[in-house]
*Asks:* 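Got a structure for you, written out below as structure tokens; questions coming shortly.
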Amino acid sequence: MTLDEAIATLATFNDDPAAGGITREIYTPTYGAALDWVAERMAEAGMEPRVDPVGNLFGRWPGADPAAPQVLTGSHVDTTLNAGRYDGVLGVLGAIDAVARLRAAGFVPRRSIEVVAWAGEEPRFGTGCVGSRMAVGELTRADLDRLADRDGVTIAAAMAAAGHDPDALAAARLDPTTVRALVELHIEQGAVLETHGEQIGVVTAIAAPHDFRITLRGAPNHAGATPMGLRRDALVGAAELVTEIERLATASPSGTTVGTVGVLRVRPGAINVVPGEVELEVDIRDSDLASRRHVVDAIVAAAHTIAGRRGLAVTVAPIVEDVPIACHPEVVATTLAACTELGLTSRAMISGAYHDAMIVGRHMPVGMIFVPSRDGLSHHPDEYTAPDQLAAGVAVLAGTLRRLAA
Ligand SMILES: [Zn+2]
């Protein structure tokens with residue numbers, strides 16, 4: 001089975017084929033069946049598959065020196081709703097393909113190589129990367145009871161229903177000293193490589209989100225009876241703030257900060273009432289923490305300035321604040337060397353999206369390899385990367401694993 005055929009087959013494990021795209025959320029029966037199928041592919045490629053107590057799937061290719069810290073590679077095979085077939089899947093099936101190729105070429109690794117399919121990278125429970133967070137000890141048993149999906153099903157309940165054990169968190173812990181490095185192959189999910197006509201992205205850092213909620217409160221007066229000069233319109237203040245967020249992110253010290261207001265809630269939301277209250281949910285990301293912090297501070301200051309001028313009250317509440325990580329220079333250099341050896345064009349770049357590698361990268365050396373995404377699309381049925389681009393990514397991953405495991 002070619003990699004392309006494997007990706008097409010995995011795409012048939014789908015809870016909502018009629019809607020287009022792929023829906024395969026973590027801890028569902030469809031996800032379980034898909035994971036079993038991936039484990040069979042691991043076994044076919046000569047690896048020993050094993051599922052840890054929280055649902056992370058590992059496939060091991062034992063090295064000649066089993067005591068040496070191993071090389072980990074992988075991504076995820078869960079999807080968001082009506083998503084594409086490559087996001088995450090490439091990093092798992094591509095890693096199995098890379099191992100099969102290295103084995104066929106007669107390579108004998110000194111370090112063991114393990115392919116991993118992390119449980120739940122997509123945020124079914126609000127928080128993403130739950131499998132990798134559990135593996136590095138960043139979720140507690142209480143978190144598993146607290147975090148729930150849109151139907152109120154907690155992580156603990158979903159895990160138990162899928163035959164996993166929410167009380168076995170300790171047994172799912174990965175000892176960082178047993179890992180030499182983790183390498184994750186992934187589609188870019190942006191249009192930088194396509195725009196520049198380059199084949200491979202070598203990720204140097206992974207940006208992380210700082211998300212928060214700003215609430216502006218004015219006066220919900222009658223839209224007809226209230227003269228313009230007597231209004232305290234929260235939405236007009238919010239509009240000014242949204243454009244200021246765009247300006248501040250664009251003018252960030254690093255030049256790489258991005259800022260988005262993806263949610264705007266207007267109350268009371270009636271055509272004949274001046275908006276009295278508006279909530280803005282703001283997402284600011286960068287791989288440069290100081291620049292991100294600078295932009296966030298400037299946004300909060302701007303909110304107070306605009307609110308003061310317009311007679312509005314302002315509150316700021318935290319949502320999430322993840323720490324960006326730098327990829328390990330040695331892994332970056334190794335991947336660049338693999339690109340050079342293969343004669344592939346490459347670009348050093350930051351990852352604007354977060355991945356399991358960001359979570360794991362707080363505890364051990366990581367690197368990431370990107371292949372182009374057509375039109376920069378992902379989390380969408382039209383997500384696409386051509387077979388030759390997928391093959392190039394797998395070849396670079398194989399070259400990177402060969403060097404790291406030697
Ligand atoms: Zn992904």
Side-chain angles (χ1 to χ4, degrees), residues 123 125-129 133 138-139 143 146-147 189-190 204-221 226 228-269 273-326 350-355 358-359 361-362 379:
F125 305 99
T127 297
C129 303
R133 284 184 205 268
E138 290 193 8
L139 284 180
D143 291 329
R146 182 176 58 83
L147 296 166
Q189 300 180 279
T204 54
I206 305 173
H210 183 164
D211 292 351
F212 52 100
R213 187 178 298 111
I214 300 178
T215 306
L216 297 175
R217 285 186 193 83
N221 294 322
T226 313
M228 296 308 286
L230 293 181
R231 294 178 179 215
R232 291 189 294 130
D233 186 325
L235 181 57
V236 183
E240 212 181 311
L241 183 56
V242 170
T243 53
E244 188 61 8
I245 289 169
E246 181 191 46
R247 192 190 68 76
L248 290 167
T250 306
S252 71
S254 65
T256 50
T257 307
V258 290
T260 309
V261 180
V263 175
L264 201 62
R265 293 190 191 92
V266 182
R267 296 192 186 100
V273 182
V274 175
E277 182 180 299
V278 175
E279 264 178 29
L280 306 89
E281 290 188 358
V282 189
D283 176 287
I284 307 298
R285 300 186 190 210
D286 202 335
S287 60
D288 181 325
L289 192 57
S291 181
R292 190 184 75 177
R293 200 168 278 147
H294 174 92
V295 171
V296 169
D297 289 348
I299 289 169
V300 172
H304 282 99
T305 303
I306 292 166
R309 188 161 17 83
R310 293 179 167 275
L312 307 171
V314 54
T315 53
V316 180
I319 297 177
V320 70
E321 192 175 346
D322 266 322
V323 181
I325 63 119
I350 70 168
S351 172
Y354 68 76
H355 300 281
M358 178 184 84
I359 307 298
R362 298 171 190 158
H379 293 178

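Model, not experiment: these values are computed from the prediction.
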*Asks:* From L216 CG over to L241 CG, what is the distance, rounded to the nearest 0.5 angstrom?
*Replies:* 6.0 Å

*Asks:* Do the non-hydrogen side-chain atoms of N221 and L230 ever get within less than 4.5 Å of each other?
*Replies:*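 Side-chain contact under 4.5 Å: no.
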
*Asks:* What distance separates T215 OG1 from L312 CG, expressed to the nearest 0.5 Å?
*Replies:* 12.0 Å

*Asks:* Rounded to the nearest 0.5 Å, what separation is found between the CG atom of L235 and the CZ atom of R267?
*Replies:*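 The CG atom of L235 sits 12.5 Å away from the CZ atom of R267.
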
*Asks:* Could you tell me if the side chain of I325 sits less than 4.5 Å from the side chain of R362, heavy atoms only?
*Replies:* yes

*Asks:* Can you tell whether the side chains of R292 and D322 come within less than 4.0 Å, N to carboxylate O?
*Replies:*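 The answer is no: the pair does not qualify as a salt bridge.
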
*Asks:* Donor-acceptor check, side chain of T260 to backbone of G262, threshold 3.5 angstrom: yes or no?
*Replies:* no

*Asks:* For the residue pair M358 and A207, what are the closest heavy atoms and their distance?
*Replies:* SD-O, 3.6 Å

*Asks:* Can you find a heavy atom in the side chain of T127 that is under 4.5 Å from one in the side chain of V320?
*Replies:*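 The answer is no; the side chains never approach within 4.5 Å.
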
*Asks:* Nearest 0.5 Å, what's the OG1-CE distance between T226 and M228?
*Replies:*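 It comes to 10.0 Å.
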
*Asks:* Please name the pair of heavy atoms, one in I284 and one in V295, separated by the smallest distance, quoted to 0.1 Å.
*Replies:*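 Closest heavy-atom pair between I284 and V295: CG2-CG1, 4.1 Å.
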
*Asks:* Is a side-chain N or O of R133 found less than 3.5 angstrom from the main chain of G128, in a donor-acceptor match?
*Replies:*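 Indeed, once roles are kept as given, a pair shorter than 3.5 Å links the two residues.
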
*Asks:* What is the distance from atom CZ of R247 to atom CD1 of I299, rounded to the nearest 0.5 Å?
*Replies:*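 It is 10.5 Å, given to the nearest 0.5 Å.
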
*Asks:* Do E277 and R265 sit within salt-bridge range, that is, some charged N less than 4.0 Å from a carboxylate O?
*Replies:* no

*Asks:* Could you tell me if the side chain of V300 sits less than 4.5 Å from the side chain of H304, heavy atoms only?
*Replies:* yes

*Asks:* Shortest non-hydrogen contact from A353 to Q189?
*Replies:*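 Nearest heavy atoms, A353 then Q189: CB-OE1, 3.9 Å.
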
*Asks:* Determine the minimum heavy-atom distance between A234 and G218, stating which atoms define it.
*Replies:*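 For A234 and G218, the tightest heavy-atom pair comes out as CB-N, 4.1 Å.
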
*Asks:* Report yes if the side chains of I359 and Y354 come closer than 4.5 Å at any heavy-atom pair, otherwise no.
*Replies:* no

*Asks:* Identify the heavy atoms of P209 and D283 that sit nearest to each other, and give their distance.
*Replies:* CB-OD2, 3.8 Å

*Asks:* Compare all side-chain heavy atoms of L147 with those of L139 and state whether any distance is below 4.5 angstrom.
*Replies:*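 Side chain of L147 against side chain of L139, heavy atoms only: contact under 4.5 Å found.
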
*Asks:* Kindly say whether A313 contributes a backbone atom to a donor-acceptor pair with the side chain of R217 at under 3.5 angstrom?
*Replies:* no

*Asks:* Taking the side chain as every heavy atom from C-beta outward, state whether H294 and D288 have any atom pair closer than 4.5 Å.
*Replies:* no

*Asks:* Heavy atoms only: give me the nearest P268-V273 pair and the separation to one decimal.
*Replies:* CG-CG1, 3.6 Å

*Asks:* Can you measure from CG (D211) to CD (E321) and round to the nearest 0.5 angstrom?
*Replies:* 10.0 Å

